Amino acid sequence: MTEDRLEADLAAMWRIRAFEEKLQALHKSGELIGSVHLCIGQEAAPVGACTELVDGDALFATYRGHGWALAKGTPTRELFAELLGRATGVNGGRGGSAYFSAPEYGFYGENSIVGAGASHAVGAALAGKHDGSGRIAMAVFGDGAMNQGAVGEAMNFAAAFDLPVLFVCENNRYSELTPINDMVRNDQLTERATALGIPATRIDGNDPARVRSTVAGYAAEARNGGGPAFVELITQRLVGHYIGDVQQYRTRAELEADGLVEPLAVATSALAGSGVDTDAIEGRARAEIEAAAEQALADPFADPDTAKEHLYA
Amino acid sequence: MTATKLTMAQALNTALRDAMTADESVVVFGEDVGPLGGVFRVTDGLTETFGEQRCFDTPLAESGIAGLAIGMAMNGFRPVIEMQFDAFAYPAFEQITSHLAKMANRTRGRVRLPVVVRVPYAGGIGGVEHHCDSSEAYYAHTPGLTVVAPATNADAYGLLRAAIEHPDPVIFLEPKRHYFTREEVDTATPVPPIGQAVVRREGRDATLVAYGPSVPVALAAAELAATEGRDLGVVDLRSIVPFDEETVLAQVRRTGRAVVVAEAQGFASVASEIAARIGERCFHHLEAPVRRVTGFDIPYPPPKLERHHLPSPDRILDAVDALQWDET
């Protein structure tokens, strides 16, 4: 791992962290309302994985998807505008935190129904096989989604049809508010994939370089006709399932331990003594995010008169 | 020669064939629809003609089938998926209502999903509970879904062509009891626009409003009524959503009396919505409250009992008799 790469990854992770922390502030001030799911603590996964996707590939994320959208190149101002209900948002302010999509940036959407996007990714991959584009698709979901039938169906479809789909499971140990290990008998989630004939790996999801190299290997195989793969990223949420979740189900000790292994802390420590000014990286990220939020806040709200548009041709 | 006698299954097959020939982005998939040609033979020969990339079998996973169609439609294809039986579509209901129906509106038209969900629909074949459901209300209640139900073989052809050309999702309800009924079909007839009802029979005394498998029943009732001196008109909706209010209301305003006929159970149904619309919009033209003749509010009954459940000409005429006729 080169220090340049780690420096770039830390900057990318700080953009996501700063974005999410700005949302916390906007929620507190009442500018942001509704159900909002933050990915604070899980920034390494999108930063590591998205560099291995190219133009034409299709990424499908979950409702905890702001980080994936940003890492895939969705502009911060349009994203803030979307979450703040502004007409200038990527979906005109109608999608919001858990529903927006921006396929023009390869971000095919979040999904508020747990696991529902996995089969969309399979369809995108099948389309790529048929149209000769060579597209691969990435379906991102959490550990909780492993217990959804929709994910099982999608994985079997991809396996049966040899489709280039990378299934990325962000295991933050909690299925919404319940420990995943209480809801499975076999906690080796990768074995669900291998049982279907899909190669699978469990890795440290807090290390963007490790995420990148693993995804790169599977992506290369998928592009060469090798079919689907499954990557389980062990990570942690430093915040609740949604803004307002006070997490009675977690101990202080657990949260403190998570704070020591979370990706920004790890990357910052790794760069100590290298001459890289990590404070300046953070400062630049926060300045960009502040400016984008300010611009979005000045934009007009979505017009209720347009509510019935785009329902019937 | 473009006019020929076809069964409804053949008319639908011809529509798929012609659409696949006209547009390479049309793909057909579902359970057993590939080389076998589907349990009702609607996709017969399509794999052979167009290859297994254009018409293929899938795992038994309706939710996955619908999700796959969404992902393909996002990337330039026009999938036509088969749900095999009406109630078999319920595992796909989540994909259809939460994603397929909502994407265009949510993305302000940036992501449109030209998917046709073909549903062999309703009863009358001596099937059983999960094979004979009338599921239209679930779809019609969901904003963003166009819902079509042909009654004739010519419309089966034309409306399926129109549904495949439609830029947004269409639920296509095929009255399965007519799959093997033979009728004249002229494939050169211009494709009827979705959202346009048709007056199947003009009548002065009362208007029967029906769609899909209930249209022939309403026409039979009108024939019977004619022998008793009553002149009943029949409107075939063809599309449930969009609902052609104009055609229905014009007919009812002329006759002043209406009976809505549908196989689905009546409570909170499409028939109820139509009756409410007529009541709201034509109140001062009505001589009697609008009546509904529907299936009963029970799960679809077993084969030996289904004839009691399905609207029949007799039940329709009983409803017509109850429309407060002036006996002078």
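Each chain gets a letter, A, B and so on, in the order the sequences are listed, and its residues count up from 1. On a predicted model such as this, the values are computed, not experimentally measured, just so you know.
- For a heavy-atom cut-off of 4.5 Å, chain B lies close to A/Asn156, A/Phe157, A/Phe161 in residues 155-168 of chain A.
- At a 4.5 Å heavy-atom cutoff, B/Glu24 makes no contact with chain A through either its backbone or its side chain.
- Closest approach of B/Arg110 to A/Val90, counting heavy atoms only: CZ-O, 3.1 Å.
- Heavy atoms closer than 4.5 Å to chain B are found in the backbone of A/Ala307, but not in its side chain.
- For A/Asp55, the CG atom is loosely surrounded, since the number of other residues' heavy atoms within 6.0 Å does not exceed 12.
- Chain A forms more heavy-atom pairs under 4.5 Å with one residue of B/Glu94, B/Arg54, B/His166 than with any other, namely B/Glu94.
- A donor-acceptor pair shorter than 3.5 Å can be found between the side chains of A/Thr306 and B/Arg108.
- Here B/Thr107 is the residue among B/Thr107, B/Thr146, B/Ile194 with the most heavy-atom pairs under 4.5 Å with chain A.
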CA sep, side-chain torsions, deciding dist, call: A/Ile113, B/His99, side chain to side chain contact (heavy atoms under 4.5 Å, CB included): CA-CA 9 Å; A/Ile113 302 298; B/His99 313 295; 3.8 Å; yes
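- When all heavy atoms of A/Glu153 and B/Ala61 are compared, the closest pair comes out as OE1-CB, 3.2 Å.
- If you measure heavy-atom distances from B/Thr58 to chain A, the contacts under 4.5 Å come from both the backbone and the side chain.
- Of the atoms belonging to A/Glu104, it is side-chain heavy atoms, and not backbone ones, that fall under 4.5 Å from chain B.
- Contact of the A/Tyr108 side chain with the B/Ile70 side chain is not registered, since no non-hydrogen atoms from C-beta on lie closer than 4.5 Å.
- By the neighbour-count criterion of 12 heavy atoms within 6.0 Å, atom CD of B/Glu48 is sparsely surrounded, having that number or fewer from other residues, nucleotides or ligands.
- Annotation: maximal heavy-atom pairing with chain A below 4.5 Å, among B/Pro79, B/Pro242, B/Pro169, B/Pro143, occurs at B/Pro143.
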Residue pair B/Phe77, A/Asp131: steps toward the side chain to side chain contact (heavy atoms under 4.5 Å, CB included) verdict: CA-CA 9 Å; B/Phe77 285 84; A/Asp131 66 20; 4.0 Å; yes
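- For a residue to count as touching a neighbouring chain, one of its non-hydrogen atoms must lie under 4.5 Å from one of that chain's; by this rule B/Gln53 touches chain A with backbone and side chain alike.
- Under the 4.5 Å side-chain criterion, counting only non-hydrogen atoms from C-beta, B/Met103 is not in contact with A/Tyr99.
- Annotation: B/His141, atom NE2; neighbour count of heavy atoms from other residues, nucleotides and ligands within 6.0 Å does not exceed 12.
- Interface residue B/Ser63: backbone and side-chain heavy atoms are both found under 4.5 Å from chain A.
- No part of A/Ser133 comes within reach of chain B, as not one of its non-hydrogen atoms sits under 4.5 angstrom from that chain.
- For B/Glu52, no part lies under 4.5 angstrom from a heavy atom of chain A.
- Heavy atoms of B/Arg112 lying under 4.5 Å from chain A belong exclusively to its side chain.
- Using a 4.5 Å heavy-atom cutoff, the side chains of B/Asn75 and A/Arg135 are in contact.
- Contacts of residues 114-125 of chain A with chain B at a heavy-atom distance below 4.5 Å involve A/Ala116, A/Ser119, A/His120, A/Val122, A/Gly123, A/Ala124, listed in sequence order.
- Proximity to chain A (any heavy atom under 4.5 Å) is restricted, for B/Leu145, to the backbone atoms N, CA, C and O.
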Pair B/Asn105-A/Glu309, side chain to side chain contact (heavy atoms under 4.5 Å, CB included): steps then yes or no: CA-CA 6 Å; B/Asn105 180 261; A/Glu309 290 176 6; 5.5 Å; no
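- Annotation: B/Leu36, atom CG; neighbour count of heavy atoms from other residues, nucleotides and ligands within 6.0 Å is above 12.
- Atom CG of A/Leu126 and atom CZ of B/Phe56 lie 5.0 Å apart (nearest 0.5 Å).
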